[in-house]
Amino acid sequence: MPDPATDAISNLLHEERRFAPPADLAAHANVQAEAYDRAAADRLGFWAEQADRLDWGRRWDQVLDWTNPPFAKWFVGGTINAAYNCVDRHVAAGRGDKVAFHWVGEPADDTRTITYAELKDDVCRATNALIDLGVRKGDRVAIYMPMIPEVAVAMLACARLGAPHTVVFGGFSSEALASRLEDCGATFVITADGGYRRGSASALKPAVDEACVKTGDLVRHVLVVRRTGQDVAWHDGRDVWWHDAVGSASTEHTPEMHDSEHPLYVMYTSGTTGKPKGILHTTGGYLVGTSFTHWAVFDLKPDTDVYWCTADVGWVTGHSYMVYGPLANGVTQVMYEGTPDSPHKGRWWEIIQDYGVTIFYTAPTAIRTFMKWGRDLPDGFDMSSLRLLGSVGEPINPEAYMWYREVIGGNNCPIVDTWWQTETGQIMISPLPGVTHGKPGSAMKGLPGVVAQVVNDEGVPVGNGSGGYLVLREPWPAMLRTLWGDDERFKETYWSRWAGMYFAGDGAKLDEDGDIWLLGRVDDVMNVSGHRLSTTEIESALVSHPKVAEAAVVGANDEMTGQAPCAFVILRESAGDGGADIVADLRAHVAKEIGAIAKPRQIMIVPELPKTRSGKIMRRLLKDIAEHREVGDVTTLADSTVMDLIKAKEGTSSGEE
Ligand code: PRX
């Protein structure tokens with residue numbers, strides 16, 4: 001029996017693949033088409049204009065110093081305070097009563113409304129509390145928190161002080177937290193007893209306690225927000241309650257204007273090796289890049305919009321498009337603590353209805369999940385306040401795009417499919433509402449001031465209708481400045497493939513109109529539910545298990561999550577067949593080493609792995625198996641019978657979930 005909704009969508013897909021910008025939107029769009037030419041003619045002048053939207057302590061002498069590539073300096077000589085720009089200046093301009101956050105906790109009726117004036121007081125209190133605890137400019141502060149207002153307050157207090165923060169996603173394990181603390185030498189941690197997810201309280205503090213043990217005496221103080229009221233172990237002298245330290249602190253604090261290139265934060269992300277990379281963002285350029293793109297891409301009207309980005313603050317989207325970009329623009333936002341299905345599967349739509357959300361930004365993996373749950377759920381709520389939809393994190397498949405447009409946006413809202421990365425800091429490729437035609441599945445083209453191209457193996461730009469690798473040709477304000485403590489790896493990873501080009505790691509093609517379609521990663525990085533994981537990192541986690549001799553991991557296509565990790569494991573001889581629970585044990589082990597999101601969907605215990613004569617694992621062949629395809633060309637294998645051995649195991653020990 002065909003589903004009429006799906007039929008309608010597939011008809012639409014075939015009839016109309018380009019959506020012209022609505023005329024009324026075009027007339028009032030923040031950024032007009034001529035911005036592309038203006039930026040192309042004078043790129044640095046264009047970025048300087050955007051920088052003028054912010055409040056600077058001292059104006060810069062030079063927009064960009066690119067004399068020592070790839071080490072860029074933006075707004076050289078300028079001084080600025082990110083927290084001042086996100087909070088104080090709105091209050092100073094008489095907008096203190098404007099709501100900064102409508103915060104919605106997961107338990108029903110657990111809500112808070114925080115104005116910009118209240119946020120300013122909270123940030124000043126937290127800053128004073130951090131100073132009292134001994135945090136000084138330049139110290140690194142780790143933040144491991146649920147989605148509660150205090151997480152934004154903590155980040156802004158660090159920014160105000162000039163103490164770079166490193167937010168670690170609350171779903172990561174104590175191991176992952178410890179390795180990040182160690183890598184950036186974080187001496188303070190801000191956390192909570194726990195948070196609410198999927199209808200119950202989960203704990204965070206125990207992982208911090210374990211990470212503190214693993215890192216010796218590195219951590220001097222742990223500041224703990226009481227969110228759930230659950231019992232926590234207490235380390236006198238080290239642990240401090242947020243409500244004691246912050247609650248009693250003064251609301252007076254005069255911010256120092258920091259150098260434009262002062263480090264703002266380090267965000268760890270997976271690369272092609274086992275060790276996550278610490279992406280360093282600095283202050284002035286980052287704030288210019290995020291605030292401008294947030295205003296331009298979402299066509300933000302700060303006086304009337306209610307904006308909601310569903311990303312967790314533990315990822316870069318939560319940094320750029322929940323904290324720094326939107327707050328710098330002074331908009332009212334929604335922040336939601338929990339999962340979309342708690343206490344019912346219409347929770348997100350209910351929130352949109354209750355708060356009159358006008359701009360909504362989420363990931364394709366969420367949209368696919370809602371498609372599976374059916375349109376009756378969103379249809380049960382009034383979402384007519386919505387006027388613009390955004391997508392981020394992975395390519396959006398045309399079916400999901402059409403469903404989003406039709407069912408969530410009521411065929412009324414343009415969709416901005418935004419391509420960017422932890423490294424880019426800001427949106428780089430996206431349609432502009434009112435300006436660009438929308439095509440389901442294409443992020444369209446580089447924003448004004450951004451030079452994005454698709455090149456072939458030799459680094460030569462491809463023509464329309466051809467595919468290759470996505471590169472960025474010119475520096476941009478919010479670009480990463482280096483990898484924390486590893487300039488060489490920064491150069492090697494992003495700038496060494498072709499001279500003068502930033503290699504993004506994504507495949508892409510240009511369509512007949514020259515618009516860009518992103519095709520996914522071309523390296524050993526996979527994208528699971530819009531989150532980056534490295535195959536090598538999961539392999540390292542597997543081989544750290546005492547029963548494992550060798551492991552190979554591939555990212556296999558997955559209908560819901562985009563990609564999912566699939567592992568092929570050779571056990572040590574001493575482990576025999578590993579025992580009945582070996583697959584479950586190994587999955588739990590990966591969760592412990594990295595976090596639950598990294599758990600392989602499937603683990604196959606195999607006798608051998610396919611290797612070339614030089615010993616390189618041919619992951620392409622393993623991917624064929626994981627995606628249930630005919631195995632491709634095996635002629636370069638050292639021993640071509642290996643694939644028969646592996647295939648014989650298929651279905652017997654897969655542990656697929
Ligand atoms: O492969 C691209 C994919 O996500 C990668 C960046 O991941 P991360 O640093 O975790 O940042 C995610 C949120 C910005 C990219 O290399 N990606 C992100 N957005 C898109 C995308 N792929 C296709 N279309 C997008 N809109």
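Note that ligands are numbered from 1 as they come in the structure, with each ligand's atoms numbered from 1 the same way. Count residues from 1 along the sequence.
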K.L.:
Begin with the C-alpha distance, continue with both residues' side-chain angles, and end with the deciding distance and a verdict on side chain to side chain contact (heavy atoms under 4.5 Å, CB included) for Met145 and Val313.
P.N.:
CA-CA 9 Å; Met145 286 173 83; Val313 73; over 6 Å; no
K.L.:
For atom 2 (C) of ligand 1, what's the nearest protein heavy atom and its distance?
P.N.:
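Going by distance alone, atom 2 (C) of ligand 1 is nearest to Asp506 OD2, 2.8 Å.
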K.L.:
Do NZ/NE/NH1/NH2 and the carboxylate oxygens of Arg387 and Asp305 come within less than 4.0 Å?
P.N.:
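Looking at Asp305 together with Arg387, the answer is yes, because their closest N to O distance falls below 4.0 Å.
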K.L.:
Looking only at protein heavy atoms, which one is nearest to atom 23 (C) of ligand 1, and how far off is it?
P.N.:
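Nearest protein contact, heavy atoms only, for atom 23 (C) of ligand 1 is Pro395 N, 3.1 Å.
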K.L.:
Any idea which part of Ala443 is under 4.0 Å from ligand 1, heavy-atom wise: side chain, backbone, both or neither?
P.N.:
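None of Ala443 does.
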K.L.:
Give the atom numbers and elements of ligand 1 that come within less than 4.0 Å of a heavy atom of Asn527.
P.N.:
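Taking each heavy atom of Asn527 in turn, ligand 1 has 3 (C), 4 (O) under 4.0 Å.
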K.L.:
State plainly whether the residues Arg489 and Glu492 are in salt-bridge range, i.e. N to O under 4.0 Å.
P.N.:
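Salt bridge between Arg489 and Glu492, a charged N being under 4.0 Å from a carboxylate O: no.
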K.L.:
Nearest to atom 7 (O) of ligand 1, what protein heavy atom do you find, and at what distance?
P.N.:
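The protein heavy atom lying closest is Arg532 CD, 3.0 Å.
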K.L.:
With a cut-off of 4.0 Å, which atoms of ligand 1 are near a heavy atom of Val392?
P.N.:
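Atoms satisfying the 4.0 Å criterion: 13 (C), 14 (C).
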K.L.:
Tell me which protein heavy atom sits closest to atom 9 (O) of ligand 1, plus the residue, atom name and distance to 0.1 Å.
P.N.:
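Going by distance alone, atom 9 (O) of ligand 1 is nearest to Thr422 OG1, 2.6 Å.
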K.L.:
Could you check whether Trp495 and Tyr502 have their ring centres less than 6.0 Å apart?
P.N.:
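Yes, ring centres under 6.0 Å apart.
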K.L.:
What protein heavy atom sits nearest atom 13 (C) of ligand 1, and how far off is it?
P.N.:
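Sorting protein heavy atoms by distance from atom 13 (C) of ligand 1 puts Thr317 OG1, 3.5 Å first.
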K.L.:
What orientation do Trp74 and Trp47 show, parallel under 30°, tilted 30 to 60°, or perpendicular over 60°?
P.N.:
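Answer is perpendicular, since the angle exceeds 60°.
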K.L.:
Salt-bridged, Lys372 to Glu559, with N to O below 4.0 Å?
P.N.:
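Glu559 and Lys372: not salt-bridged.
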K.L.:
Does only the side chain of Gln421 get under 4.0 Å from ligand 1, or the backbone, or both, or neither? Count heavy atoms.
P.N.:
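Contact part for Gln421 vs ligand 1: both backbone and side chain.
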K.L.:
A side-chain contact here means heavy atoms from C-beta on lying under 4.5 Å apart; do Val522 and Phe503 qualify?
P.N.:
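Result yes, sub-4.5 Å side-chain heavy-atom pair found.
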K.L.:
Of the backbone atoms (N, CA, C, O) and the side-chain heavy atoms from C-beta on, which set of Leu518 has a member under 4.0 Å from an atom of ligand 1: side chain, backbone, both, or neither?
P.N.:
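Side chain only.
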K.L.:
Is ligand 1 under 4.0 Å from a heavy atom in the side chain of Thr418, in the backbone, in both, or in neither?
P.N.:
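The answer is the backbone.
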K.L.:
What protein heavy atom is closest to atom 25 (C) of ligand 1, reported as residue, atom name and distance in Å?
P.N.:
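Here the nearest protein heavy atom works out to Glu394 O, 3.5 Å.
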K.L.:
Provide the number and element of each atom of ligand 1 under 4.0 Å from a heavy atom of Asp417.
P.N.:
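So the atoms of ligand 1 that pass are 25 (C), 26 (N).
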K.L.:
Can you confirm, on distance only, whether ligand 1 has an N/O atom lying under 3.5 Å from any N/O atom belonging to Gly393?
P.N.:
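Yes: some nitrogen or oxygen of Gly393 is under 3.5 Å from one in ligand 1.
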K.L.:
Relative to Tyr144, does Arg180 satisfy both conditions: NZ or CZ under 6.0 angstrom from the six-membered ring centre, and within 45 degrees of the ring's axis?
P.N.:
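So Arg180 doesn't make the cation-pi contact.
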K.L.:
Work out which heavy atom in Gly314 is nearest to a heavy atom in Val167; give both atom names and the distance.
P.N.:
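The answer is CA-CG1, 3.9 Å.
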